[in-house]
2 protein chains.
Amino acid sequence: MTETDKSASAASPLDQFLCFSVYAAGLAFNRVYKPLLDRYGITYPQYLAIIALSARDGQKVSELGERLFLESNTLTPLIKRLEAAGLVSRRRDEHDERIVRVSLTDTGRALATEAQACIPAEILKASGLGENELRALNQQMTALGASLRGAV
Amino acid sequence: MTETDKSASAASPLDQFLCFSVYAAGLAFNRVYKPLLDRYGITYPQYLAIIALSARDGQKVSELGERLFLESNTLTPLIKRLEAAGLVSRRRDEHDERIVRVSLTDTGRALATEAQACIPAEILKASGLGENELRALNQQMTALGASLRGAV
DNA sequence: AACGATTAGATCGTGTGCGATTGTTATTCG
DNA sequence: CGAATAACAATCGCACACGATCTAATCGTT
């Protein structure tokens with residue numbers, strides 16, 4: 001394993017970039033999840049939104065956005081697709097009509113439960129990591145994200 | 001710092017997902033890069049493509065795709081935008097007309113040089129990591145991507 | 001030479017991300 | 001009270017990602 005390793009492709013300057021390995025790992029995660037999620041008819045970001053909703057129902061769009069690091073311009077259409085699929089419901093807050101609260105439907109909650117029961121194990125296997133390694137890497141990536149976000 | 005830490009948002013099941021911390025770090029990288037790249041009028045994926053091209057000129061679209069883990073359906077429009085911006089040139093291989101070879105123009109090469117001179121230092125700073133930590137994390141993410149890709 | 005099979009890239013439709021703007025509903029303050 | 005302001009979600013335009021399909025060029029076999 002030297003700097004002239006050709007196992008996958010010739011050495012590339014991209015190999016030196018953490019941003020690139022993160023980008024590429026993100027693409028790879030997406031591709032591993034896709035066939036698993038196709039069974040449920042949802043996309044990977046939709047899956048993340050459902051996980052976030054499974055923690056607490058009736059979250060505001062902006063709260064969901066804080067958890068997912070997304071804004072209404074991305075979330076509104078995504079949530080509407082989940083609504084069209086019958087997985088979530090949207091309703092205006094009765095005390096503040098500016099706010100839209102999102103909840104899982106029974107179907108959505110069942111999907112969240114079922115998906116969380118099968119998928120994580122498959123991902124763990126695909127990652128090639130042990131549970132402890134995965135947890136450690138997760139912490140580092142969480143910290144990295146926090147640093148990058150705070151660096152503005 | 002307990003499981004009820006509320007510093008950013010209440011604990012979320014997403015916190016347990018490596019895929020999510022990677023996803024969120026990817027979003028965060030994108031947002032750190034955006035103002036830096038806006039000066040050059042390019043996007044983050046375009047920047048990665050230019051870095052990949054700076055290693056070797058005249059790469060095939062498919063070679064570029066192997067480096068970036070993308071396919072022609074994504075790369076063709078991206079490269080055409082770079083061409084429209086005057087940063088790369090596209091020409092058919094003279095021995096095999098199916099192949100399109102992509103090269104940096106002088107402008108594109110100058111941009112690659114300049115961008116690589118300023119940006120990595122800013123990113124290192126924003127990441128909150130030391131050089132060694134960054135290198136170690138990069139290796140782990142590269143390995144993770146390789147595992148996920150091979151797991152199909 | 002001629003045919004089908006393979007390869008390379010381009011194209012199309014859908015779903016994110018995101019900067020910028022808009023519309024509507026609360027809140028603040030004169 | 002009423003006008004300015006702020007907050008919230010929605011909308012719009014553009015640029016990725018990606019499955020699916022298409023076209024054109026080459027290769028392999030006979």
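Note on naming: letters A, B, ... go to the chains in the order of the sequence lines (proteins, then strands), and numbering restarts at 1 for each one.
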Any residue meeting side chain to side chain donor-acceptor pair (under 3.5 Å) with [X], in chain and number order, not counting sequence neighbours:
X	answer
B:Glu83	B:Arg90
B:Arg39	none
B:Glu63	B:Arg56
B:Gln140	none

Could you check whether B:Gln16 and A:Arg135, counting side-chain N and O atoms only, form a donor-acceptor pair closer than 3.5 Å?
no
Without placing hydrogens or testing angles, list every side-chain donor-acceptor pair under 3.5 Å for residues 68-81 of chain B, not counting sequence neighbours.
residue	atom	partner	partner atom	Å
B:Thr76	OG1	B:Ser72	O	3.0

If the sugar-phosphate is the primed atoms plus P, OP1 and OP2 and the base is the rest, what is the B/S/- string for nucleotides 3-12 of chain D, using protein heavy atoms under 4.0 Å?
----BSBBBB
Could you report the tightest heavy-atom contact between B:Leu148 and A:Ala25, atom names first, then the distance?
CD1-O, 4.1 Å
Outermost nucleotides of DNA chain C that come under 4.0 Å of a non-hydrogen atom of chain A
C:dG15 to C:dA26
Contacts to DNA chain C from residues 34-55 of chain A, heavy-atom cutoff under 4.0 Å, which residues?
A:Thr43, A:Pro45, A:Gln46
Mind calculating the distance between [atom1] ([X]) and [atom2] ([N]) to the nearest angstrom?
X	N	atom1	atom2	result
B:Glu94	D:dT26	CD	P	12 Å
A:Leu27	D:dA15	CG	C1'	15 Å
B:Glu71	D:dA17	CD	P	13 Å

If you count every heavy atom of other residues, nucleotides or ligands that lies below 6.0 Å from B:Asp106 atom CG, does the total exceed 12?
no
Are B:Lys60 and B:Asp93 close enough for a salt bridge, meaning some N to O gap below 4.0 Å?
no
Hey, could you give me each pair passing side chain to side chain donor-acceptor pair (under 3.5 Å) that has a residue in residues 20-30 of chain B? Not counting sequence neighbours.
A:Asn138-B:Ser21
Quick one: bend of the helix from C:dA1-D:dT30 to C:dG30-D:dC1 from 5 pairs per end, to 10°?
10°
Which residues pass the side chain to side chain contact (heavy atoms under 4.5 Å, CB included) test with B:Arg91, sequence neighbours left out?
B:Ser103
Applying ring pair (Phe, Tyr, Trp, His ring centres under 6.0 Å), can you list everything that pairs with A:Tyr47, at least two apart in sequence or on another chain?
A:Tyr33
So OH of A:Tyr44 and SG of B:Cys19: to nearest 0.5 Å the spacing works out to 3.5 Å
Just call it for A:Arg81: base, sugar-phosphate, or nothing, with non-hydrogen atoms closer than 4.0 Å on any strand.
base
